[in-house]
Engineer: 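Structure incoming, see below.
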Amino acid sequence: MLAALAAKLRASMGILHKQDIQITARGLGEQWNDAILLGDDCAAIRDRDGYLLLAAEGMLPQLIETDPWFAGWCSVMVNVSDIYSMGGEPIAIVDTLWSQSPDSISELLAGMKAAAIAYQVPIVGGHTNCRSPYNALSVAILGRAQKLLTSFNAQPNDILLAAIDMRGQFHPDYPFWNAATTADPQRLRQNLSILPYLAKSELCDTAKDISMGGIIGTLLMLTETSNCGAILDLDRIPCPEHVPLERWLIAFPSYGFLLSIRPENVEAVQALFQAQNLVCAVVGEVQVGTEVILRSQGESTLFWDFSQQSLTGFSDQPVANLSK
């Protein structure tokens with residue numbers, strides 16, 4: 001049963017999309033590694049006594065066509081989440097927008113504007129072409145952090161925490177758990193402010209936002225860049241009532257973070273999220289090695305072995321030559 005679930009999850013679109021990152025890894029892998037580590041949610045660029053954070057996201061063409069307002073909202077939301085996941089705070093956004101006509105993007109722009117107001121991040125420019133044969137949107141964001149939460153610092157014996165806003169519902173057509181669009185904007189910003197506090201207080205130094213690929217895809221990226229393995233306990237993952245676990249494991253929550261925490265800091269970190277009515281649960285443990293193991297109801301199965309197969313390619317672990 002567990003092995004069959006693992007096989008389905010490995011073939012999910014989110015995991016496959018993460019493997020597409022290898023194209024970039026091969027093209028850029030060694031160009032800037034001495035200055036900027038590739039594989040985090042943002043590029044962290046040293047600047048005076050801290051870091052500038054730079055990230056970008058392209059929106060699914062299907063989402064733009066079928067739910068343009070929500071696509072516009074998400075283009076801002078996912079970039080904001082990337083900044084906070086690294087312990088930063090956003091400064092400004094720029095967009096690149098291609099459309100068939102000015103009228104065809106009115107809802108897309110309305111969604112972007114609503115999210116920019118809710119998260120208090122200005123849209124300061126970009127590029128617009130209203131004579132394109134299709135509609136497309138990408139958004140880039142700039143932020144700043146004093147201290148970083150990164151994907152590279154997970155250590156064996158760390159405890160894995162999943163912090164999620166469960167006060168939402170699934171999009172009817174996509175694996176997006178929406179706990180943002182109808183929430184109080186001040187609460188959204190307060191919830192996100194926990195992340196830079198964790199970095200500044202040194203309660204945590206390792207985090208990723210739960211993105212496409214869900215909690216499992218996010219864990220794979222975290223362990224790959226940290227050169228570790230992990231056990232993920234599926235029975236301990238908080239799941240909304242009446243939502244099948246298989247669907248939840250690959251969901252993209254509007255507020256969801258995976259944290260790797262030293263054991264002595266777990267209770268203090270959980271208390272910060274729980275004080276704002278956010279779920280923060282222990283879901284596993286980081287281990288020595290290259291294997292990510294799924295565990296449920298006394299059964300375990302190997303989900304991924306980085307010594308045999310890379311995910312994004314952002315790792316210095318040797319991968320076996322399987323062509324021999």
Side-chain angles (χ1 to χ4, degrees), residues 12 14 41 55 57 59-60 63 66-86 88-90 93 107 110-121 139 141 149 160-198 207-219 236-259 269-283:
S12 64
D41 288 331
E57 295 281 352
M59 303 311 296
L60 286 172
L63 184 61
T66 60
D67 196 345
W69 189 94
F70 188 61
W73 172 283
C74 288
S75 70
V76 174
M77 178 194 72
V78 295
N79 275 290
V80 167
S81 182
D82 280 342
I83 295 292
Y84 279 102
S85 74
M86 290 195 63
E89 296 177 341
I93 280 173
E107 284 297 297
M112 292 176 62
K113 181 179 179 180
I117 292 172
Y119 290 106
Q120 292 290 283
V121 186
V139 171
I141 191 168
L149 304 177
L160 294 168
L161 294 181
I164 304 172
D165 190 346
M166 308 290 282
R167 297 163 291 188
Q169 60 185 2
F170 268 112
H171 189 283
D173 301 315
Y174 299 96
F176 303 145
W177 179 257
N178 178 14
T181 57
T182 60
D184 175 64
Q186 184 176 359
R187 176 170 68 79
L188 292 178
R189 298 191 298 271
Q190 287 176 339
N191 292 166
L192 288 167
S193 70
I194 296 171
L195 281 303
Y197 177 80
L198 288 175
K208 288 191 79 70
D209 74 325
I210 299 173
S211 59
M212 292 295 291
I215 190 170
I216 289 183
T218 302
L219 176 60
R236 302 182 74 176
I237 295 174
C239 183
E241 191 176 2
H242 307 306
V243 172
L245 178 63
E246 181 179 336
R247 186 183 189 193
W248 184 244
L249 289 175
I250 57 173
F252 187 164
S254 59
Y255 184 100
F257 299 92
L258 184 65
L259 313 172
V269 172
Q270 286 183 299
L272 290 169
F273 289 99
Q274 292 165 355
Q276 295 193 29
N277 296 313
L278 297 162
V279 172
C280 187
V282 174
V283 296

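The analysis underlying the following values was restricted to heavy atoms, covering all of them including side chains, and did not include hydrogens, waters or symmetry mates.
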Engineer: What are the two closest non-hydrogen atoms of Ile237 and Ile215, and how far apart are they?
Structural biologist: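 So the minimum-distance heavy-atom pair works out to CD1-CG2, 4.1 Å.
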
Engineer: Kindly say whether Cys280 contributes a backbone atom to a donor-acceptor pair with the side chain of Gln270 at under 3.5 angstrom?
Structural biologist: yes

Engineer: If we only count heavy atoms from C-beta on, is the Tyr255 to Leu192 side-chain gap below 4.5 Å?
Structural biologist: yes

Engineer: Roughly how far, to the nearest 0.5 Å, is CD1 of Ile216 from CD1 of Ile210?
Structural biologist: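 It is 11.0 Å, given to the nearest 0.5 Å.
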
Engineer: One pair to check against side chain to side chain contact (heavy atoms under 4.5 Å, CB included): Val282 and Leu160. What are the steps and the verdict?
Structural biologist: CA-CA 6 Å; Val282 174; Leu160 294 168; over 6 Å; no

Engineer: Once you round to the nearest 0.5 Å, how far does CZ of Phe257 lie from CG of Leu149?
Structural biologist: 9.5 Å

Engineer: Does the side chain of Asp82 come within less than 4.5 Å of Ile141's, by heavy atoms?
Structural biologist: no

Engineer: Is there a side-chain contact between Asp209 and Thr218 in this structure, where contact means two heavy atoms from C-beta onward sitting under 4.5 Å apart?
Structural biologist: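 A side-chain contact is absent here, since even the closest heavy-atom pair is not under 4.5 Å.
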
Engineer: Minimum heavy-atom separation for Ala116 and Val76, please, with both atom names.
Structural biologist: N-CG1, 4.0 Å

Engineer: Where is the tightest heavy-atom contact between Pro253 and Ala251, given as atom of each residue plus distance?
Structural biologist: CD-O, 3.3 Å

Engineer: Using 0.5 Å steps for rounding, measure from the CD1 atom of Ile164 to the OG atom of Ser254.
Structural biologist: 10.5 Å

Engineer: If I compare all heavy atoms of Met112 with all of Ser75, which pair ends up nearest, and what's the gap?
Structural biologist: CG-OG, 3.5 Å

Engineer: With a 4.5 Å heavy-atom cut-off, do Val121 and Ile83 have their side chains touching?
Structural biologist: no

Engineer: When you compare the side chain of Arg187 with that of Asn277, does any pair of heavy atoms fall below 4.5 Å?
Structural biologist: no

Engineer: Under the 3.5 angstrom rule, does the side chain of Gln276 hit a backbone N or O of Phe273 as a donor-acceptor pair?
Structural biologist: no

Engineer: Counting only N and O atoms by type, is there a donor-acceptor contact under 3.5 Å from the side chain of Ser81 to the main-chain atoms of Val78?
Structural biologist: no

Engineer: Please check this pair: side chain of Asn79 against backbone of Val139, looking for a donor-acceptor N/O pair closer than 3.5 Å.
Structural biologist: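 Answer holds: yes.
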
Engineer: Would you give the length of the straight line joining atom CG of Leu249 to atom CZ of Arg247, rounded to the nearest 0.5 angstrom?
Structural biologist: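 Between Leu249 CG and Arg247 CZ, I get 12.5 Å after rounding to 0.5 Å.
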
Engineer: Determine whether Phe176 and Asn178 make a side-chain contact, defined as any pair of heavy atoms from C-beta on separated by less than 4.5 Å.
Structural biologist: no

Engineer: Would you say the side-chain atoms of Trp248 pair up with the backbone N or O of Pro238, donor to acceptor, closer than 3.5 Å?
Structural biologist: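 Such a contact is found between Trp248 side chain and Pro238 backbone.
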
Engineer: Passes side chain to side chain contact (heavy atoms under 4.5 Å, CB included), Leu259 versus Leu198? Steps please.
Structural biologist: CA-CA 10 Å; Leu259 313 172; Leu198 288 175; 4.2 Å; yes

Engineer: At their closest point, which heavy atom of Ala118 faces which heavy atom of Pro185, and how far apart are they?
Structural biologist: O-CB, 3.7 Å

Engineer: Would you name the heavy atoms of Ser85 and Lys208 that are closest together and state the gap between them?
Structural biologist: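 Closest heavy-atom pair between Ser85 and Lys208: CB-C, 4.2 Å.
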
Engineer: Considering the options Phe70, Phe252, Trp73, Trp177, which one meets the ring-ring contact (aromatic ring centres under 6.0 Å, His included) requirement together with His171?
Structural biologist: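 Result for ring-ring contact (aromatic ring centres under 6.0 Å, His included) with His171: Phe70.
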
Engineer: Should we count CD of Gln120 as having more than 12 external heavy atoms under 6.0 Å?
Structural biologist: yes

Engineer: Report yes if some heavy atom in the side chain of Glu107 is under 4.5 Å from a heavy atom in the side chain of Asp67; otherwise report no.
Structural biologist: no

Engineer: Looking at side-chain heavy atoms only, is the closest gap between Tyr84 and Pro196 below 4.5 Å?
Structural biologist: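 SC-SC contact between Tyr84 and Pro196 confirmed.
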
Engineer: Distance check, rounded to the nearest 0.5 Å: Arg189 atom CZ versus Asp184 atom CG?
Structural biologist: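 Going from the CZ atom of Arg189 to the CG atom of Asp184 covers 8.0 Å.
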
